[in-house]
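Report on the structure given below.
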Amino acid sequence: MNKTSRDTDRIFNVILLGPPGAGKGTQAKILNQRFAMAHVASGDLFRENIAKQTALGLLAKSFMDKGELVPDDVTVRMVVERIAQPDCARGVVFDGFPRTQAQAQALDAALAQANKKIAAVLWVNVREEVLIQRLTARRICPTDGAVYNLLTNPPKIASQCDHDGSALIQRDDDKPPAVQRRLQVFHSQTQPLIDYYRAAGLLHEVQGEQPIERVQSEIVNIAERL
Ligand code: AMP
């Protein structure tokens with residue numbers, strides 16, 4: 001997709017809200033390219049810390065491997081530091097954050113302090129059975145982070161990354177016990193944010209079971225009206 005000067009002239013912050021496996025990461029990358037916004041994915045920030053073996057990474061891993069949320073104070077501090085970086089002045093697409101009401105309130109406060117706000121919350125809606133199928137079939141390249149799906153987007157050669165031939169791996173939290181727990185956590189802690197943002201007049205529902213391109217055009221249509 002081509003960037004146009006009009007697209008990149010616009011500055012806004014949006015949240016992609018949805019259960020694990022809804023395709024938030026894929027759509028966030030598309031928005032990031034189309035609108036030149038920074039892509040802030042809390043899960044990716046934690047995984048970077050795990051790879052660098054920082055104290056934050058070590059702490060986060062103990063929660064992530066079980067499918068539990070990392071505590072709010074740690075998560076909020078990490079994201080607030082990230083959005084203070086210069087690239088975020090172009091607008092941010094939040095992916096996987098906020099996941100609790102406390103995080104949502106902390107984000108509102110941090111943005112307000114910088115004279116900014118959320119322009120829209122895109123709720124990517126996908127049925128639970130589809131999520132389970134997608135998550136357990138997801139494979140990742142440990143070298144370049146490319147994401148494959150054995151059912152919908154398999155690598156050209158089984159178990160190998162198309163770009164660098166690395167052996168694909170399954171995230172520990174994409175294995176069945178953690179997937180079940182992540183979905184429970186989504187229902188109890190994150191789903192209430194749908195009402196929180198609906199009450200704020202910011203919620204837009206997107207049908208996340210459509211082909212990637214259809215989901216993308218729904219999201220771009222909403223973003224273009226902001
Ligand atoms: P994700 O890559 O977004 O699926 O996140 C992977 C895992 O990272 C989650 O299951 C949580 O353990 C942790 N995580 C990511 N984002 C958050 C967040 N906003 N709050 C708490 N934990 C998070």
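Read the numbers this way: they start at 1 and go in the same order the structure lists the ligands and their atoms.
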Which of the numbered atoms in ligand 1 are below 4.0 angstrom from a heavy atom of [X]?
X	answer
E68	11 (C), 12 (O)
D173	6 (C), 7 (C)
R171	1 (P), 2 (O), 4 (O), 6 (C)
R47	2 (O), 6 (C)
T75	18 (C), 19 (N), 20 (N), 21 (C)
Q103	18 (C), 19 (N), 20 (N), 21 (C)
G43	2 (O), 5 (O), 15 (C), 16 (N)

Worked verdict on L16 versus F94 for side-chain contact (heavy atoms from CB on, under 4.5 Å):
CA-CA 6 Å; L16 286 175; F94 291 95; over 6 Å; no
Separation between CG (L202) and CG (L17), nearest 0.5 Å, reads 11.5 Å
Distance col, row L111:CG vs K116:NZ, nearest 0.5 angstrom, shows 7.0 Å
Would you mind reporting whether [Y] and [X] have side-chain heavy atoms less than 4.5 Å apart?
X	Y	result
Q85	R82	yes
R138	Y148	no
L122	I222	yes

Out of P19, S62, S42, the nearest non-hydrogen contact to atom 16 (N) of ligand 1 is supplied by S42
Out of R99, M64, R181, R182, the nearest non-hydrogen contact to atom 5 (O) of ligand 1 is supplied by R99
I'd like to know whether the aromatic ring centres of F12 and F35 sit less than 6.0 Å apart in this structure. yes
protein heavy-atom neighbour closest to atom 23 (C) of ligand 1 works out as F46 CE1, 3.6 Å
- Ignoring angles and geometry beyond distance, decide whether F97 reaches within less than 3.5 Å of ligand 1 through its nitrogen or oxygen atoms. no
Evaluate V70 for polar contact with ligand 1, using N/O atom pairs at a separation under 3.5 Å. yes
(request) Tell me, with the steps shown, if R127 and E129 meet salt bridge (charged side-chain N to carboxylate O under 4.0 Å, His left out). (result) CA-CA 6 Å; R127 282 170 303 159; E129 59 265 36; 3.6 Å; yes
